[in-house]
2 protein chains.
Amino acid sequence: MNQELAVKRLGELGHGTRMSVYRLLVKAGNNGLAVGDIQERLKVSGPTLSHHIHRLIGAGLVRQERDGRTLYCFAELEALKDVVTFLEAECCTL
Amino acid sequence: MNQELAVKRLGELGHGTRMSVYRLLVKAGNNGLAVGDIQERLKVSGPTLSHHIHRLIGAGLVRQERDGRTLYCFAELEALKDVVTFLEAECCTL
DNA sequence: CTTATATTTCGAAAATTGTAGAAATATCGA
DNA sequence: TCGATATTTCTACAATTTTCGAAATATAAG
């Protein structure tokens, strides 16, 4: 994990809506959560939610799988764990 | 640690220059680092550096102490540790 | 094939962020 | 007091981000 990637992931999680999306996905676990379900829980428009989800995907923090008309989203837990490892190693006294 | 504060801190660290500043300060430890020394290491103008340092201060991640004409900056390690604790507790499977 | 559902892409406006030159402030030393 | 050093504040501009309505795409069901 290099600084550039860690910074990118931190930046994406440094936004209330995206953090809320990520936490919902973590809680949803292996079942994942449909985009529509996320939208129902957080109150944000479809286009806005889609935008944020795609930023999370771009940072490797979220993955999607389609099932028919429904797109399920999943948290990429390893991606966040790598960030935490980076922070502990590089930012907590050296 | 609530989500709002965690998000704020994550957002501030989600910027290359600010992350570099923070890491330099962590490495500097109890001696801290003068603003001028930071500026010498990272290549960025005074006003820009000042701006970023003040954002880190606003998030509680950095503290300053003046000694004569020199302003020393210090990393607030506990602030980051709290963020890490938040991430581990809230974002790594529940 | 037509309609309904799920989600994205397009396009555009408002807000925020990042940047640095110029000027201002703070402190020291002569 | 005057000049030098350290840093900030002011100001303004460019770039990015955030947001969402409208239109487009994808898939399923009838």
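In what follows, every chain begins at residue 1, and chains take the letters A, B, ... in the order their sequences are listed.
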Take atom [atom1] of [X] and atom [atom2] of [N], then tell me their distance rounded to the nearest Å.
X     : N      : atom1 : atom2 : value
A/L49 : C/dT9  : CG    : P     : 13 Å
B/E40 : D/dT7  : CD    : C1'   : 15 Å
B/R69 : D/dA6  : CZ    : P     : 7 Å
A/I53 : C/dT7  : CD1   : P     : 8 Å
B/I38 : D/dT7  : CD1   : P     : 9 Å
B/L33 : D/dT7  : CG    : C1'   : 14 Å
B/K43 : C/dA20 : NZ    : P     : 12 Å
A/L71 : D/dA28 : CG    : P     : 12 Å

Counting only side-chain nitrogens and oxygens, does [X] get under 4.0 Å of the OP1 or OP2 atom of [N]?
X     : N      : value
B/H54 : D/dT8  : yes
B/R18 : C/dG18 : yes
A/H52 : D/dT19 : yes
B/Q64 : D/dT7  : no
B/Q39 : D/dA6  : no
B/H15 : D/dT16 : no
A/H51 : C/dT9  : no
A/R55 : D/dT18 : yes

| query | Nearest 0.5 Å, what's the CE-CD distance between B/M1 and B/E90? | reply | 10.5 Å

| query | Are A/M19 and A/F74 connected in the hydrophobic side-chain network, where two residues link if heavy atoms are under 4.5 Å apart? | reply | no

| Is there a path of hydrophobic side-chain contacts, each under 4.5 Å between heavy atoms of I, L, V, M, F, W or Y residues, that connects B/Y72 with B/I38? | no

| Tell me, do B/H52 and B/T48 make a side-chain contact under 4.5 Å, heavy atoms counted? | yes

| query | Any side-chain heavy-atom pair from B/H15 and B/R55 closer than 4.5 angstrom? | reply | no

Determine the contact category for [X]: base if any of its heavy atoms lies under 4.0 Å from a base atom, sugar-phosphate if only primed atoms, P, OP1 or OP2 are that close, otherwise nothing.
X     : result
A/T48 : base
A/G46 : base
B/T70 : sugar-phosphate

| For A/P47 and A/E12, take the nucleotide of DNA chain D holding the closest heavy atom to each; which residue's nucleotide lies nearer the 5' end? | A/E12

